[in-house]
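Heads up, the thing below is written out as structure tokens.
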Amino acid sequence: MSRRISPHGTANRYAYGCRCQPCTKAATRADAERKLARLSGKPRSVPADASVAHVRSLTERGLTTWQIGRESGVEPSTVRRLLSGQQKTVWSRTADKILSVPLDVRVSLGDVPSVGAVRRVRALYALGHFNYEIASAAGTSRDTVCALAGGRWPTIKVAVDDGVRAAYDRLSMSTGQSAKTRLWAQRNGWVPPLAWDDETIDDPDAVPHTDVVEPVATEGRNVAARWLMGESVVLDRQARDEVLQHLFEWTNSTTEEIAARLEMTPGAADRQWHRIKKQAAAEGRRVWRRVFVPRERQINQTEMEEAA
């Protein structure tokens, strides 16, 4: 298969032997840009060491070269050459694109590790949810749910993982009616959702919080309001979300302060706040921070006069 030659008026066309005036001007301009970039300390190509290290870190987390290329906007063939060590330098813009892909990137297509989905399904089993109930909420089959619970698949499609996440968000706040799945979870040592941190449940090295006896959530009405009034109550997942929404919406506490009060990580608290806002928007409601957050710097006299 022959390679398609670039159109007239480009430096690539000049490199293939065209000496027309538009191609010559484009080649001269490209050469001048390379010299200026080198003299200004911003070369167009850089050593590939940093890009190679980042690509290897991404592949160690289960991403394929095709997925890395898709998420970074770089050709997969370029990613493969970097990974194999064939390419010692790389264009600066290409390196920037590769390094911009976070290590915890959520890929949009292809296969992903099944660790998070397995833990979520097993946690729902621990709550007593039927496998067909989980399958219906996830938009998948009962066989898929059973395979995930059994840990038979090391990787799954992104669509399946997304479905399990949706089912987990929907069902993890309530208990099911299946004594069979609950007993099966107890026999295998599977833990409920409260034992997992939303921020680390997908991390293969993470472990559930089972070193102490998990407190039983306080029964009765208005548990969230009672907690906010200072009463010593234990929040379940739903009550904790109510408290988190109130603290974000009606106080000027920082994310770190709210997370500390609820014994969460700041990242988990921030993601839950965004999920609450998204759910409210889907229901036609709007939630936002309604309090004034003071600026940390002093206002000078000019700004005070302008404000007046």
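The first residue of the sequence shown is numbered 1, and numbering continues consecutively from there.
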Answer yes or no: is there a side-chain heavy-atom contact under 4.5 Å between Gln245 and Trp273? yes
Using a 6.0 Å cut-off, check whether atom CZ of Arg261 has over 12 heavy atoms from anything other than its own residue. no
Minimum side-chain heavy-atom gap Leu262-Trp227 below 4.5 Å: yes
Give a yes or no on whether Arg29 atom CZ has more than 12 heavy-atom contacts from other residues, nucleotides or ligands under 6.0 Å away. no
Shared hydrophobic cluster, Leu124 / Met173 (ILVMFWY, side-chain heavy atoms < 4.5 Å): no
What about Trp91 and Leu82, same hydrophobic cluster or not, with Ile/Leu/Val/Met/Phe/Trp/Tyr joined at side-chain heavy-atom distances under 4.5 Å? no
How far apart are the closest heavy atoms of Gly73 and Lys97, and which atoms are they? O-NZ, 4.0 Å
Please tell me whether Val115 and Val118 are part of a single hydrophobic cluster in this structure, the criterion being side-chain heavy atoms less than 4.5 Å apart. no
Heavy-atom count check: over 12 atoms from other residues, nucleotides or ligands less than 6.0 Å from Arg275 CZ? yes
Does Asp169 pair with Lys278 as a salt bridge, N-O distance under 4.0 Å? no
Linked, directly or transitively: Val160 and Tyr168 (ILVMFWY side chains, under 4.5 Å): yes
Kindly give the heavy-atom pair with the smallest separation between Val90 and Pro47, and that separation in Å. CG1-O, 4.3 Å
Is it the case that more than 12 heavy atoms not belonging to Gln21 sit under 6.0 Å from its CD atom? no
Do His54 and Leu103 make a side-chain contact, defined as non-hydrogen atoms from C-beta onward lying under 4.5 Å apart? yes
Residue Glu257 excluded, over 12 heavy atoms near CD under 6.0 Å: yes
Salt bridge (charged side-chain N to carboxylate O under 4.0 Å, His left out) partners for Asp203, two or more places apart: none
In this structure, would Leu247 and Met229 fall into the same cluster of hydrophobic residues linked by side-chain contacts under 4.5 Å? no
Tell me whether Arg187 at atom CZ has more than 12 heavy atoms from other residues, nucleotides or ligands lying less than 6.0 Å away. no
State whether the number of non-hydrogen atoms from other residues, nucleotides or ligands found under 6.0 Å of Gln177 atom CD is greater than 12. no
Among Ile, Leu, Val, Met, Phe, Trp and Tyr joined by side-chain contacts under 4.5 Å, find the other residues sharing a cluster with Tyr132 and list them by chain and number. Phe130
Note: Arg165-Asp202 ion pair, threshold 4.0 Å (strictly below): yes
Taking all non-hydrogen atoms of both residues, which atom of Trp196 and which atom of Pro208 are closest, and how far apart? CH2-CD, 3.5 Å
Near Trp184 CH2, under 6.0 Å, is it more than 12 heavy atoms from other residues, nucleotides or ligands? no
